[in-house]
**Q** 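Encoded as structure tokens, here's the structure I'll be asking about.
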Amino acid sequence: MAASMPYLDPIRIEVTLPKTGGPGGGGPRDFGPVGHGGGGGDDDGSSRRRPSGPSLGMLGMLALLFAISTLFGALVVAYMARSSTALYWNQMVLPKSLWVSTAMILASSATLQWARVRFRRLESEGYVLGLKATLALGIGFVLSQAMAFYSLAGQGVYLRGNPRSSLFYLVTGAHGLHLLGGLASMVYLIFRTSRTPNLRNGFRDHLNILNVSTVYWQFLTVLWIALFAVLVLWK
């Protein structure tokens with residue numbers, strides 16, 4: 001009688017391989033600082049990195065510009081409505097220095113854009129040069145406006161006594177006061193760059209401040225062109 005051999009179960013060895021897929025698929029996992037998992041077909045793309053929206057500073061600036069637009073819009077409407085009546089609306093000769101100030105603020109807008117290009121190229125010397133040119137032209141604009149006031153006073157046109165001159169002083173004076181905020185931002189950016197010439201350090205924060213300042217300055221430039229057109233063309 002042949003000896004019976006006992007039945008032997010085969011030995012099963014399970015090897016668990018490390019998981020290399022991301023949370024949404026089986027592609028290789030991204031271990032970078034902004035990695036979001038694997039690249040498999042089940043990933044709906046909702047976890048992909050999206051471009052960031054405007055900064056809080058920019059949102060605040062846009063709200064401020066809306067308020068300024070409302071203010072000057074009301075002044076222009078009052079100017080036009082008052083000039084449509086013949087009652088005590090004396091004509092006056094606009095000073096020629098207003099044309100000079102208009103050219104200056106247009107040039108300052110160009111120099112500020114030039115400075116932004118230099119900043120993105122990390123050229124600190126060119127960047128500061130553009131900021132200083134913008135600052136100088138802005139100061140020249142304010143001084144030119146002051147000369148216009150002096151010229152009107154020489155014509156015997158003062159803040160009181162003539163509705164047109166009163167609104168003229170109010171509109172141009174309010175714009176000049178708002179421009180002082182832009183000049184302060186130029187001074188700050190120049191000072192910040194002098195303390196940190198390497199623009200790579202704090203690049204993102206510096207860029208946000210520069211963008212907000214540029215939007216404000218360009219807005220005041222466009223606003224002045226509109227106001228100047230009303231002063232010259234509206235009879």
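Since this is a predicted model, take the numbers as computed values, not measurements.
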**Q** Can you name the side-chain contact (heavy atoms from CB on, under 4.5 Å) partners of Y150, sequence neighbours left out?
**A** none
**Q** Using the side-chain contact (heavy atoms from CB on, under 4.5 Å) criterion, which residues pair with S151? Sequence neighbours excluded.
**A** P95, Q155
**Q** Applying side-chain hydrogen bond (donor to acceptor under 3.5 Å, both in side chains), can you list everything that pairs with H178, at least two apart in sequence or on another chain?
**A** none
**Q** Give me the atom names and distance for the closest heavy-atom approach of Y216 to L179.
**A** OH-N, 4.5 Å
**Q** Would a single hydrophobic cluster contain both L231 and M147, if residues Ile, Leu, Val, Met, Phe, Trp and Tyr are joined by side-chain heavy-atom contacts under 4.5 Å?
**A** no
**Q** Consider only side-chain heavy atoms of I, L, V, M, F, W and Y, link residues closer than 4.5 Å, and tell whether L210 and M58 are in one cluster.
**A** yes
**Q** What donor-acceptor contacts under 3.5 angstrom involve side-chain atoms of residues 217-230, with partners at least two apart or in another chain?
**A**
from	atom 1	to	atom 2	distance (Å)
W217	NE1	S108	OG	3.0
Q218	OE1	S109	OG	2.3
Q218	NE2	S109	OG	3.2
T221	OG1	W217	O	3.0
W224	NE1	T102	OG1	2.9

**Q** Would you tabulate the side-chain donor-acceptor contacts of residues 180-193 under 3.5 Å, counting partners in other chains and residues two or more places apart, or write 'none'?
**A**
from	atom 1	to	atom 2	distance (Å)
S185	OG	G182	O	2.5
Y188	OH	R192	NH1	3.4
T193	OG1	L189	O	2.8

**Q** Would F203 end up clustered with V212 when hydrophobic side chains under 4.5 Å apart are linked, directly or stepwise?
**A** yes
**Q** Under the rule for salt bridge (charged side-chain N to carboxylate O under 4.0 Å, His left out), what residues qualify as partners of R118, not counting sequence neighbours?
**A** E123
**Q** Does H206 form a side-chain contact (heavy atoms from CB on, under 4.5 Å) with N201? I'd like the steps, not just the answer.
**A** CA-CA 9 Å; H206 196 139; N201 297 331; over 6 Å; no
**Q** Only distances under 3.5 Å count here; give the side-chain donor-acceptor pairs of residues 61-78 to other protein atoms, sequence neighbours excluded, each with its distance to 0.1 Å.
**A**
from	atom 1	to	atom 2	distance (Å)
S69	OG	L65	O	2.8
T70	OG1	F66	O	2.9

**Q** Can you confirm whether M104 sits close enough to L143 that some side-chain heavy atom of one is under 4.5 Å from a side-chain heavy atom of the other?
**A** no
**Q** How close do A148 and L98 get, counting heavy atoms only, and between which atoms?
**A** CB-CD2, 3.7 Å
**Q** Measure the CZ-CG distance between R120 and L207 for me, rounded to the nearest 0.5 Å.
**A** 5.0 Å
**Q** When rounded to the nearest 0.5 angstrom, what distance separates CZ in F119 from CG in L112?
**A** 12.0 Å
**Q** What side chain to side chain donor-acceptor pair (under 3.5 Å) pairs are there with at least one residue in residues 128-146, not counting sequence neighbours?
**A** S101-Q145, T111-T134
**Q** Treating Ile, Leu, Val, Met, Phe, Trp and Tyr as nodes and any side-chain heavy-atom pair under 4.5 angstrom as an edge, say whether L170 and F149 lie in one connected cluster.
**A** yes
**Q** Please name all residues satisfying side-chain contact (heavy atoms from CB on, under 4.5 Å) with A107, sequence neighbours left out, ordered by chain then number.
**A** L137
**Q** Could you list the cluster mates of W114? Members are the ILVMFWY residues connected by side-chain heavy atoms closer than 4.5 Å, either directly or through other members.
**A** L129
**Q** Output the distance between atom CH2 (W99) and atom NZ (K96), rounded to the nearest 0.5 Å.
**A** 11.5 Å
